[in-house]
Amino acid sequence: MDNVRVRFAPSPTGYLHIGGVRTALFNWLYARRHGGTFILRIEDTDQARSTDESMNAIIQGMDWCGMDYDEGPGKEGPHGPYFQTQRLDIYKEHIDRLLANGRAYRCKCTPEELDERRKAAMAEGRPPKYDGRCRDLGLTEGVIRFRAVEEGKTVVNDLIKGTVTFDNSVMDDLIIMRTDGWPTYNFAVVVDDATMGMTHVLRGDDHLNNTPRQIQIYEALGYKTPEFGHLSMILGPDKARLSKRHGATSIMQYKEMGYLPESMVNYLVRLGWSHGDQEIFSMQEMVEHFSLDTVSSSAAVFNPDKLKWINHHYINNKPAGEIAGLLMPFVAQEGWAAGQDYVEKVVLVQREKCSTLVEIIEASRYFFVEPEMDPKSAEKFLTAETNPVLQRLIELLEFMIVFTHEPLEEAFHKVMEETGLKMGKVAQPVRVALTGGVVSPGIYDVLEILGREKSLDRLKRAVASITPA
RNA sequence: GGUCCCUUCGUCUAGCGGUCUAGGACGUUGGCCUCUCACGCCGAAAACACGGGUUCGAGUCCCGUAGGGAUCACCA
């Protein structure tokens, strides 16, 4: 399989969707696996709905995920341009060919008339297809329709679904050029995929029903058809196609929620593809093992819990310095002044209990600002009884030369010996004093990161807040 | 409604006719560890949609049924 050419062809009418990312990813992997070319094409013929923001979001999202393209916006190649709105001449030329060989004709039916007939047909239980009334009128004005072949069958040898046979009687004469002079989707994709030399078309299986009509267009134009592979859909928990009402669906939303790109890609690749029992894949491993043979043909429900688990994995396995770097924008957003070295120390002690960058931030406020005291924790652990314990600890810490794990541990043990209290009885009050709550990393780590000054400050304040018995 | 696709634990999946008393992962759950929360470790519950074939033998092949999804635009 040489010279593989595949593409991702989104329409810039919204943000880059999770489903779109997966489609892009499978194409990208296929290209990289086979040393082929990955093309990004922008399907912007619906100019009313297309926006530059959307296009930027798509490019940004793909970049974030680590999917680079070889040809596309900003990377002109031999088959450009890569915006459909810049390819009008190409479409016109192909329309002319169809008009010339009799495979296309003008139609003067108005949208209103068509709509009416469609409804009537539906009501009577007839298939709502165009009746072909303008077929042989030889009109010179109006939209242009493709003259479909209605006899026989069209077979799609799908790389994922297998052989799918369509009866041509279901085909009707679809409009290929609108009143405004722009081509419609089914025609434009064919012209683009053919002229851009695509060898494989991997896309969502919502396009499977379009494929036989597209094949007819390829044939009418005298082009060789590419290989097709239809990926199953990603579903929401209710088994309906994943959409905004299921929550976050834009890839950049996940970035904001504190997910790492490798988590998204790793999670998404496992939605429909597998390599034995392996769950964790680096990009390199994916490229190495990816195959259409192991792509599932059934739809998959998006599972946020598993995504979290994968994100937890990456947060805990990437170098802490990198995680700290990713955290800096979040730190800035909170308005906290801290250097990356300090953040890295926090990462080291916090990440094992966190699944997202945002969770690290939320669990770490007291490392950056004065904590808010949780009343319940204070009531339970900052009591008249624990007061002397804290006071004794303060004395010991005041005179400590190096404020690090081992001497801190020694100090705690000394207090425990003197008071006969167990670790839990000493650590919890300290934890509450330092963090305002009952959950934190190991107490020596908290003390060390906070440092002597802040630690003593908070301990003293806690002591002062306790009313003696 | 027509057409098309899909159907293994709640979820993602392994399985490509015998090695399946069906494996892994997320989640759930019991225990251990323990200065809290976690992590980690050890265990548990949990699935071949149903009915017919084909075959010596079917989760694996075929046909129905049911359920789910997609699609039927001068949107992509």
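What you see below is based on every heavy atom in this structure, not just the backbone, and it leaves out hydrogens, waters and symmetry mates. Order of the sequence lines sets the chain letters (A, B, ...), proteins ahead of strands, with each chain counted from 1.
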[atom1]-based separation of [M] from [N] [nearest Å]:
N	M	atom1	value
B:G64	B:U3	P	13 Å
B:C74	B:A14	P	39 Å
B:G27	B:A45	C1'	13 Å
B:C6	B:C63	P	12 Å
B:G18	B:G51	P	23 Å
B:C16	B:U8	C1'	14 Å
B:C33	B:G24	P	26 Å

Select base, sugar-phosphate, or nothing to describe what [X] touches, counting heavy atoms under 4.0 Å on all strands.
X	result
A:T184	sugar-phosphate
A:I443	base
A:V164	sugar-phosphate
A:H207	base
A:V301	sugar-phosphate
A:R49	base
A:G442	base
A:P237	nothing

Does the side chain of [X] get closer than 4.0 angstrom to OP1 or OP2 of [N] through an N or O atom?
X	N	value
A:T45	B:A76	yes
A:R118	B:A73	yes
A:R270	B:G24	no

TODO: Classify the side-chain pair A:H200/A:N27 by whether it contains a donor and acceptor separated by less than 3.5 Å.
DONE: no
Open item on the list: With no hydrogens and no angle check, just 3.5 Å: does a side-chain donor-acceptor pair link A:N311 and A:S263?
Closed with: yes
Open item on the list: Consider ring pair (Phe, Tyr, Trp, His ring centres under 6.0 Å). Of A:Y259, A:W309, A:F302, which one does A:Y267 pass it with?
Closed with: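 With A:Y267 as partner, ring pair (Phe, Tyr, Trp, His ring centres under 6.0 Å) holds for just one option, A:F302.
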- [ ] Please tell me which of the listed nucleotides, B:A14, B:C4, B:C6, lies nearest to the side chain of A:L208?
- [x] B:C4
Task: Shortest side-chain distance from A:D305, nucleotide among B:U36, B:C26, B:C35 - done: B:C26
Task: Within 45° cone of A:F381 ring axis and under 6.0 Å: A:R431 NZ or CZ - done: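 Ring-cation test returns no.
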Open item on the list: Can you measure A:D158 atom CG to B:A70 atom C1' for me and round it to whole angstrom units?
Closed with: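 Interatomic distance, CG of A:D158 to C1' of B:A70: 14 Å.
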TODO: Provide the Watson-Crick or G-U wobble partner of B:U3, both distances under 3.5 Å; none if there is no partner.
DONE: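 Pair assignment: B:U3 / B:A70.
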Task: B:G64: pairing nucleotide in any strand, Watson-Crick or G-U under 3.5 angstrom - done: B:C50
Open item on the list: Using the rule side-chain hydrogen bond (donor to acceptor under 3.5 Å, both in side chains), only one of A:N209, A:D206, A:T211, A:D205 pairs with A:H230; which is it?
Closed with: A:T211
- [ ] Report yes if a donor N or O on one partner sits less than 3.5 Å from an acceptor N or O on the other, where the partners are the side chain of A:E279 and the base of B:G24; otherwise report no.
- [x] yes
Open item on the list: Contact between A:F281 and A:E262 at the side-chain level, heavy atoms closer than 4.5 Å - yes or no?
Closed with: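 No, side chains not in contact.
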